[in-house]
Amino acid sequence: MDKSRDESPATPDSGPAAAGFAENAHGGAAPRRSFLQWFAVGLGAVAAVAVSLPLVGYFFRVPKRRTMWVPLGPAEQFPLAETRVATFDNPLRTPWDGSSATTSIFVRREQDNAAGEQFLVLLANCAHLGCPVSWFPQSGLFMCPCHGGVYYATGERASGPPPRGLFPCNWRVRAGQLEIEAPHFPSLRDCESLPG
Ligand code: FES
């Protein structure tokens, strides 16, 4: 009897155990490979969308919003060198704006020049986080109650966290009425900026 063949130790490379091992190995690798393939496909799709979005935006860009003018009343009602609060119903309101569509704004009539009346119209929203600022005629400053932002009468930043001055808005005088360009709250992006 040839004992050397019978007593040879079993190895993982041979026999039924080895077959089972190989099967397990394939059974684990296949789902992993499939997952990686789907992951790569997903990443590629995300990258394709990210690259194509600017192009889509260019070809299907939304037309510029229409300018709307809001009357604030007779220009003469604003005395020279005084800052007054005016309120108006923002026509750019959305149905869910509610009472917040009633907007306050500061109007200051500057020295008239050869071109006619000069006005400074400032949004009442702080340039930091948008809290409504108050005007203090005694000190000639706008102050924000939220974090202590302070602005000069011109709207320029005086101190505190605001990174810049108050947002001025476009205005015009038509038939003796002061009108302002309706601001698109809350983005404020349609108002010009002052140097900070
Ligand atoms: Fe006015 Fe912060 S919101 S200082």
Side-chain angles (χ1 to χ4, degrees), residues 54 57-58 60-196:
Y58 176 79
F60 298 98
R61 58 181 179 269
V62 178
K64 193 174 185 327
R65 284 175 292 191
R66 195 159 52 99
T67 298
M68 299 184 77
W69 292 93
V70 183
L72 293 183
E76 289 179 354
Q77 77 179 6
F78 298 98
L80 195 63
E82 281 189 27
T83 298
R84 293 284 171 92
V85 180
T87 56
F88 63 96
D89 202 22
N90 195 338
L92 302 177
R93 67 190 303 160
T94 54
W96 49 87
D97 279 345
S99 60
S100 65
T102 302
T103 306
S104 293
I105 210 160
F106 292 105
V107 180
R108 184 180 182 85
R109 184 174 185 163
E110 308 282 26
Q111 190 71 44
D112 293 356
N113 62 17
E117 300 102 335
Q118 290 296 307
F119 287 92
L120 176 64
V121 182
L122 300 168
L123 292 185
N125 300 80
C126 180
H128 181 218
L129 294 178
C131 289
V133 301
S134 299
W135 167 246
F136 291 85
Q138 303 87 349
S139 56
L141 295 169
F142 294 100
M143 296 192 197
C144 177
C146 290
H147 312 105
V150 182
Y151 304 86
Y152 296 116
T154 57
E156 289 177 283
R157 176 188 173 277
S159 66
R164 45 151 299 148
L166 293 173
F167 294 90
C169 276
N170 294 329
W171 60 269
R172 71 182 185 186
V173 176
R174 284 285 173 94
Q177 298 284 318
L178 176 63
E179 299 177 350
I180 60 161
E181 190 178 336
H184 295 261
F185 289 106
S187 72
L188 312 178
R189 62 187 170 192
D190 294 291
C191 292
E192 297 173 357
S193 62
L194 279 176

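Worth saying up front: this structure is predicted, and the values here are computed from it rather than measured.
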Side chains of W69 and N170: closer than 4.5 Å at any heavy-atom pair? yes
Please tell me whether C144 and C126 are bridged, where bridged means their SG atoms are separated by under 2.5 Å. no
Of all heavy-atom pairs between R109 and E76, which one has the smallest distance, and what is that distance? NH1-CA, 3.7 Å
Heavy-atom nearest pair, P162 first then R157, reads O-NE, 2.6 Å
Checking side chain to side chain contact (heavy atoms under 4.5 Å, CB included) for the pair F142/V150: CA distance, chi angles, key distance, verdict? CA-CA 6 Å; F142 294 100; V150 182; over 6 Å; no
Under the ring-ring contact (aromatic ring centres under 6.0 Å, His included) rule, collect the residues that match up with F78, sequence neighbours excluded. none
Got a sec, which residues hit ring-ring contact (aromatic ring centres under 6.0 Å, His included) with Y151, two or more places apart in sequence or on another chain? none
Please list every donor-acceptor pair under 3.5 Å in which a side-chain atom of residues 171-178 meets a protein atom from a residue at least two apart or in another chain.
unit_1	atom_1	unit_2	atom_2	d
W171	NE1	F119	O	3.0
R172	NE	E179	OE1	2.7
R172	NH2	E179	OE1	2.9

Quick one: does E82's side chain have a donor or acceptor within less than 3.5 Å of a partner on P137's backbone? no
Would you please test L123 and I105 for side chain to side chain contact (heavy atoms under 4.5 Å, CB included) and show each step? CA-CA 5 Å; L123 292 185; I105 210 160; 3.8 Å; yes
Test side chain to side chain contact (heavy atoms under 4.5 Å, CB included) on F106 and V85; report intermediate values, then the result. CA-CA 5 Å; F106 292 105; V85 180; 3.4 Å; yes
Grab the two heavy atoms, one from A127 and one from L166, that are nearest each other, plus how far apart they are. N-CD2, 4.5 Å
